[in-house]
Peer 1: 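First the structure, which I've put down as C-alpha cells, then a few questions once you've had a look.
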Protein chains: 2
Amino acid sequence: MAALDNIDLKILQFLQANALMTNKEIAARLNLTTTPIHERIKRLESEGVIEKYTAILNKSKLGKSLVVLVDVTLKEHAASFLEQFEKDVLLLPEVVECYCISGGSDFLLKVLVRDMDEYRHFILHKLATLSNIGNAQSRFVVNEIKSQTPVPIEVI
Amino acid sequence: MAALDNIDLKILQFLQANALMTNKEIAARLNLTTTPIHERIKRLESEGVIEKYTAILNKSKLGKSLVVLVDVTLKEHAASFLEQFEKDVLLLPEVVECYCISGGSDFLLKVLVRDMDEYRHFILHKLATLSNIGNAQSRFVVNEIKSQTPVPIEVI
DNA sequence: TTTGAAACTGATAATGT
DNA sequence: ACATTATCAGTTTCAAA
C-alpha cells in the first residue's frame with residue numbers, strides 16, 4: 001500500500017466530516033481539479049483505508065435512549081470458548097460495540113436499548129442464555145460526551 | 001416529529017449500510033420511484049433523525065493500532081468539576097468516545113493511539129495534566145469484535 | 001500526476017394523479 | 001403521498017500536457 005500523503009489525509013478528514021462532500025468542493029479546498037480527487041478516493045477505497053460510508057443516526061429519535069456498558073467475564077477461557085462468545089455476541093443487535101480486553105473482565109459490551117424494560121429482557125433472555133457467561137456487570141451511561149456508533153434498526 | 005413508518009426505517013437501514021446508495025436503488029428495492037425516497041430522506045435529515053454522513057476509516061491503515069479503554073475517577077464531583085472535565089476531554093483528539101457512567105468510576109474513555117509510546121505520552125502529558133483527575137485505570141483492547149468509530153487524523 | 005472537456009448518471013424541482 | 005417528466009449538477013472517463 002502506498003503511503004498516504006497530506007492530500008490523502010485531508011481528503012479523509014473531509015469525507016469523515018461529510019461523506020457527501022462533492023469532489024468539486026474537495027478539489028476547490030485543496031486547489032486541485034476533480035480528477036485527482038476522484039482517483040485518490042477510488043484508490044483509498046480499493047486499498048481499504050476507506051471501509052464504508054454510513055449515515056449517523058440519532059439514537060433517541062429511533063427510540064433507543066438507554067446506553068449500557070457491560071463488563072462480561074466468562075467461566076472458561078480456552079480459545080474455543082472465547083471464539084464461541086464472539087460469534088454469539090455478533091448476533092445480538094443490541095450489542096453495538098464489543099471488545100476483548102485485558103484487565104478485570106474479559107469483554108466490554110456497549111448495549112443500546114429502548115429503556116430499562118428492554119434492557120432487563122436483554123440481560124435475562126439474551127445475554128444470560130449464552131453458554132459460558134460467568135459474570136456480567138452493568139454500568140449505565142448517564143451522559144454521552146463523545147460517541148458515533150451505528151443504531152440497530154428493526155423493521156417491523 | 002412525525003412517526004417513522006417502515007419505509008423510513010428501511011431507508012435508514014440502507015443509508016446506514018451505505019450512505020452513497022442512490023435514491024434510484026433504494027426506490028427499486030422498495031418498489032417506489034425516486035421522488036418519495038428523496039422527500040423522505042430530506043425530511044429525515046431536517047428532523048435530525050439522520051445526523052450526518054461519514055466515511056468509516058481503517059484505524060490501523062491510518063497508523064492508530066492501539067485501542068485503550070480508560071476508567072477515570074475524578075477527585076471532586078461538584079457539577080462544575082464534571083463539566084470542566086467534559087470540556088477538557090472533548091479537546092483531546094485521542095479520545096474518540098467518552099461516557100459519564102454510573103458504577104465504580106465516573107467516566108469511561110475510548111482512546112485511540114499509534115502504539116504504547118504514544119499512549120504513555122497521552123497518559124502522562126495529556127490526561128494526567130487535567131485538573132481534578134483522581135484515578136485512571138487502563139484496559140487494553142486485545143480484539144475488536146464490533147466497532148465503528150471515527151479516527152482522529154492529524155495532517156502534518 | 002494533473003488538466004480540461006465530453007459523456008453519462010443521478011439529484012432535484014415542477015406538474016399531475 | 002406517489003408517478004412522470006424535464007432540468008441541472010456531479011461523477012466518470014479520456015486525450016493530452
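Computed from heavy atoms alone, side chains included, the values below leave out hydrogens, waters and symmetry copies. Convention: sequence-line order gives letters A, B, ...; per-chain numbering from 1.
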Peer 1: When the distance from CD of B:Glu39 to C1' of D:dA1 is rounded to whole Å, what number comes out?
Peer 2: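 Rounded to the whole Å, the gap is 8 Å.
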Peer 1: Are A:Leu66 and A:Glu118 close enough that some pair of their side-chain heavy atoms sits under 4.5 Å apart?
Peer 2: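 A side-chain contact under 4.5 Å is absent here.
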Peer 1: To the nearest Å, give me how far apart CD1 (B:Ile37) and P (C:dG10) are.
Peer 2: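 So the CD1-P distance, B:Ile37 to C:dG10, works out to 15 Å.
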Peer 1: So, A:Thr22 versus A:Glu25: side-chain donor-acceptor pair below 3.5 Å or not?
Peer 2: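 Judged by distance alone, the side chains do not pair up.
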Peer 1: Do A:Leu109 and A:Leu127 come close enough that some side-chain heavy atom pair is under 4.5 Å?
Peer 2: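 In short, these two side chains touch, coming nearer than 4.5 Å.
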Peer 1: If the threshold is 4.0 Å, N to carboxylate O, is there a salt bridge linking B:Glu39 and B:Lys42?
Peer 2: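 Looking at B:Lys42 together with B:Glu39, the answer is no, because their closest N to O distance does not fall below 4.0 Å.
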Peer 1: Roughly how far, to the nearest 0.5 Å, is the CD1 atom of B:Ile7 from the CG atom of B:Leu30?
Peer 2: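 Taking CG in B:Leu30 and CD1 in B:Ile7, the distance rounds to 6.5 Å.
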Peer 1: Near DNA chain C, under 4.0 Å by heavy atom, which residues of residues 41-50 of chain B?
Peer 2: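 Within this stretch, B:Lys42 sit under 4.0 Å of the strand.
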Peer 1: Examine D:dT11: is either OP1 or OP2 under 4.0 Å from a nitrogen or oxygen in the side chain of A:His38? Give yes or no.
Peer 2: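 A:His38 to D:dT11 OP1/OP2: no side-chain N or O under 4.0 Å.
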Peer 1: Kindly write out the residues that satisfy side chain to side chain donor-acceptor pair (under 3.5 Å) with B:Ser105, not counting sequence neighbours, or none if the list is empty.
Peer 2: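 With neighbours one apart ignored, the set is A:Arg139, B:Asp71.
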Peer 1: Between the two end axes of the helix from C:dT1-D:dA17 to C:dT17-D:dA1, each built from 5 base pairs, what angle do you get to the nearest 10°?
Peer 2: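 Rounded to the nearest 10 degrees, the bend comes out at 20°.
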Peer 1: Just list the side-chain donor-acceptor pairs under 3.5 Å for residues 77-85 of chain A, sequence neighbours left out, or say none.
Peer 2:
| unit_1 | atom_1 | unit_2 | atom_2 | d |
| --- | --- | --- | --- | --- |
| A:His77 | NE2 | A:Asp106 | OD1 | 3.2 |
| A:His77 | NE2 | A:Asp106 | OD2 | 2.7 |
| A:Gln84 | NE2 | A:Asp88 | OD1 | 2.9 |

Peer 1: Taking only the side-chain nitrogens and oxygens of B:Arg40, find out if one of them lies under 4.0 Å from OP1 or OP2 of D:dC2.
Peer 2: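 The answer is yes; a side-chain N or O of B:Arg40 sits under 4.0 Å from OP1 or OP2.
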Peer 1: Using the salt bridge (charged side-chain N to carboxylate O under 4.0 Å, His left out) rule, collect all pairs that involve residues 92-105 of chain A, keeping only residues at least two apart or in two chains.
Peer 2: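 Qualifying pairs, neighbours excluded: A:Glu94-A:Lys126, A:Glu97-A:Lys110, A:Glu97-B:Lys110.
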Peer 1: Does anything in residues 17-30 of chain B reach DNA chain C, meaning a heavy atom under 4.0 Å, and if so which residues?
Peer 2: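 Those residues whose heavy atoms fall under 4.0 Å from DNA chain C, taken from residues 17-30 of chain B in numerical order, are B:Thr22, B:Asn23, B:Lys24.
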Peer 1: Evaluate the criterion side-chain hydrogen bond (donor to acceptor under 3.5 Å, both in side chains) for residue pair A:Glu76 and A:Asn132; output intermediate values, then yes/no.
Peer 2: CA-CA 6 Å; A:Glu76 301 280 351; A:Asn132 196 31; over 6 Å; no
Peer 1: Tell me if the side-chain of B:Thr35 makes a donor-acceptor pair with the base of D:dT4, cut-off 3.5 Å, by modelled atom types.
Peer 2: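 Side chain to base: pair present.
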Peer 1: Is there a path from A:Leu32 to A:Leu12 through hydrophobic residues (I, L, V, M, F, W, Y) whose side chains come within less than 4.5 Å of each other?
Peer 2: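 The answer is yes; both residues are in one hydrophobic cluster.
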Peer 1: Please report, rounded to the nearest Å, how far the P atom of D:dT11 is from the CG atom of A:Leu15.
Peer 2: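 Going from A:Leu15 (CG) to D:dT11 (P), I get 11 Å.
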Peer 1: Considering every strand and a 4.0 Å limit on heavy-atom distances, what is the contact class for B:Pro36: base, sugar-phosphate, or nothing?
Peer 2: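 Since only primed, P, OP1 and OP2 atoms lie under 4.0 Å of B:Pro36, the category is sugar-phosphate.
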Peer 1: Please determine whether a side-chain nitrogen of the Lys or Arg among A:Arg120 and A:Asp115 lies less than 4.0 Å from a carboxylate oxygen of the Asp or Glu.
Peer 2: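 Result for this pair is no, no salt bridge flagged.
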